[in-house]
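Below: one structure, written as structure tokens.
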2 protein chains.
Amino acid sequence: MVHCVNASYHHGDLRRALIEAAVAAVGEVGVGSLSLRAVAKRAGVSHAAPAHHFGDKAGLLTAVAAEGHDRFADALERAWQTTGDFVEVGVAYVRFAIDHRPYFEIMFRPELLHTDDPELDRASRRSREMLHRGTDGPGPGEAANGYSTAALAAWSVVHGFAELLLAGNFDPAIDDDPEGVLREVVRQLRF
Amino acid sequence: MVHCVNASYHHGDLRRALIEAAVAAVGEVGVGSLSLRAVAKRAGVSHAAPAHHFGDKAGLLTAVAAEGHDRFADALERAWQTTGDFVEVGVAYVRFAIDHRPYFEIMFRPELLHTDDPELDRASRRSREMLHRGTDGPGPGEAANGYSTAALAAWSVVHGFAELLLAGNFDPAIDDDPEGVLREVVRQLRF
DNA sequence: AACGCGATCTTTCCATCGTCAAGACCTTGC
DNA sequence: GCAAGGTCTTGACGATGGAAAGATCGCGTT
């Protein structure tokens, strides 16, 4: 039993193919118009194939979100270790939202996901930890809730910027150099 | 011709009833699971009735979003004129998101709306202007794009806080006193 | 070497959805 | 009154997500 964990019989690696197809589809039509059947067609399988690997639509999106959080954590960690500047972690946050929009569109939408999924939990916990690097630690910031005020402020500002930008709520002029604008915005924070 | 603008024949004021039914439905199941047919049933009309008043689903959501932006602008203006403190405008921003969640869930999601609708344009422009009160004006903040850096930072931080809070991405402990936490978060901004 | 089991995928079916077209009803203006 | 047009209903269609049942295939066992 358990012939092939995560492996392949008929298709090769359908699980992987479906995730990639989902990401591509979300990139084209948005998560709101994502159709399981379109994803299946894109991967060259029948419309019911995804259900076997992911249970349901939320299951597929959960797998995408988990992968997204992993990549996200990687990007944030890279930024932190490269520059040592927490502002640059914030820039990386928004950079990821822009460059990997399909992932980002899904990652922070629990209503689309199976929030009890252990893989998602592990990955999102990892990306969450990366966010606290730099703001947490020495500073005071009451930890009555799980976060320091500085971490909450930083998270809120970069997340809000990313959401408003991606949704198109900003002046289009910002699209020319979102990084530059964001850098100035983040500098408005006291650390 | 044009017997009754916005008025009532068979039903009373179906347009109004449908908007209220939509708000109630979004409050219960979220905008993602909103069904036009459920809204119609809630208003006591046939499943195709909404189409006549709003064209399509996006049309109904557009009307809801426009009404939301009007109420939103009212709330922000009230906060500004009452306190004169821009921090309190930010608090009112998040307060609105919490207290009128169904509206807020829709207002900043252009992909769900008819963004060319004149009513929506007027209302959202109004709420946008309220946001710039207090940050704009005297300060420098390059206006290369439409906003000052301070306004962008303030908007981003309150919007991000609201989104993360509503989506449930924060520690549940914050739900006890989101206003208090937000006030400290906003104070992390230099004005 | 043959069997059987379980994993993988397909096919078929169903309820629900948004939208469209056609018709019924009702109010208003003439 | 009567035509006209706004209001709403009915019925239908294609698309969707999901459930159920069957077909196909590879592996471990004997």
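Heavy-atom basis, side chains included; hydrogens, waters and symmetry copies ignored. Each chain gets a letter, A, B and so on, in the order its sequence line appears, and its residues count up from 1.
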From [atom1] of [X] over to [atom2] of [N], roughly how many Å is that when rounded to an integer?
X: H53(A); N: dG18(D); atom1: NE2; atom2: P; answer: 16 Å
X: L61(B); N: dT19(C); atom1: CG; atom2: P; answer: 10 Å
X: F54(A); N: dC9(C); atom1: CZ; atom2: C1'; answer: 14 Å
X: H52(B); N: dA21(C); atom1: NE2; atom2: C1'; answer: 14 Å
X: D56(A); N: dA15(C); atom1: CG; atom2: P; answer: 20 Å
X: L14(B); N: dC25(C); atom1: CG; atom2: C1'; answer: 15 Å

Checklist entry - With sequence neighbours left out, which residue pairs that include part of residues 151-170 of chain A fulfil the salt bridge (Lys or Arg N to Asp or Glu O under 4.0 Å) condition? => result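 Sorted pair list comes back empty.
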
Residues that [X] engages under side chain to side chain donor-acceptor pair (under 3.5 Å), provided they are two or more places apart:
X: D175(B); result: none
X: E28(B); result: R42(B)
X: H114(B); result: D56(B)
X: R126(A); result: D70(A), D74(A)

Checklist entry - Would you call the rings of F96(A) and F72(A) parallel, tilted or perpendicular if under 30° counts as parallel and over 60° as perpendicular? => result tilted

Could you work out, with ring pair (Phe, Tyr, Trp, His ring centres under 6.0 Å) as the rule, every residue matching [X], not counting sequence neighbours?
X: Y103(A); answer: none
X: F54(B); answer: none
X: F161(A); answer: F170(A)

Next on the checklist: Considering every strand and a 4.0 Å limit on heavy-atom distances, what is the contact class for A49(A): base, sugar-phosphate, or nothing?
Outcome noted: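 Answer is base: heavy atoms of A49(A) come under 4.0 Å of a base.
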
Item to check | Set of salt bridge (charged side-chain N to carboxylate O under 4.0 Å, His left out) partners for E129(A), sequence neighbours left out | outcome: none

Return the polar atom pairs (N/O with N/O) between nucleotides 11-16 of chain D and the protein under 3.5 Å, or none.
{"unit_1": "dG11(D)", "atom_1": "O6", "unit_2": "H47(B)", "atom_2": "NE2", "d": "2.8"}

Item to check | Near-ring test H159(B)/F104(B), centroid separation under 6.0 angstrom | outcome: yes

Checklist entry - In residues 110-117 of chain B, what residues come within less than 4.0 Å of DNA chain C, judged by heavy atoms? => result none

Item to check | Terminal helix-axis angle for the helix from dA1(C)-dT30(D) to dC30(C)-dG1(D), with five pairs defining each axis and rounding to 10 degrees | outcome: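 The end-segment axes of the helix from dA1(C)-dT30(D) to dC30(C)-dG1(D) are tilted 10° relative to each other.
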
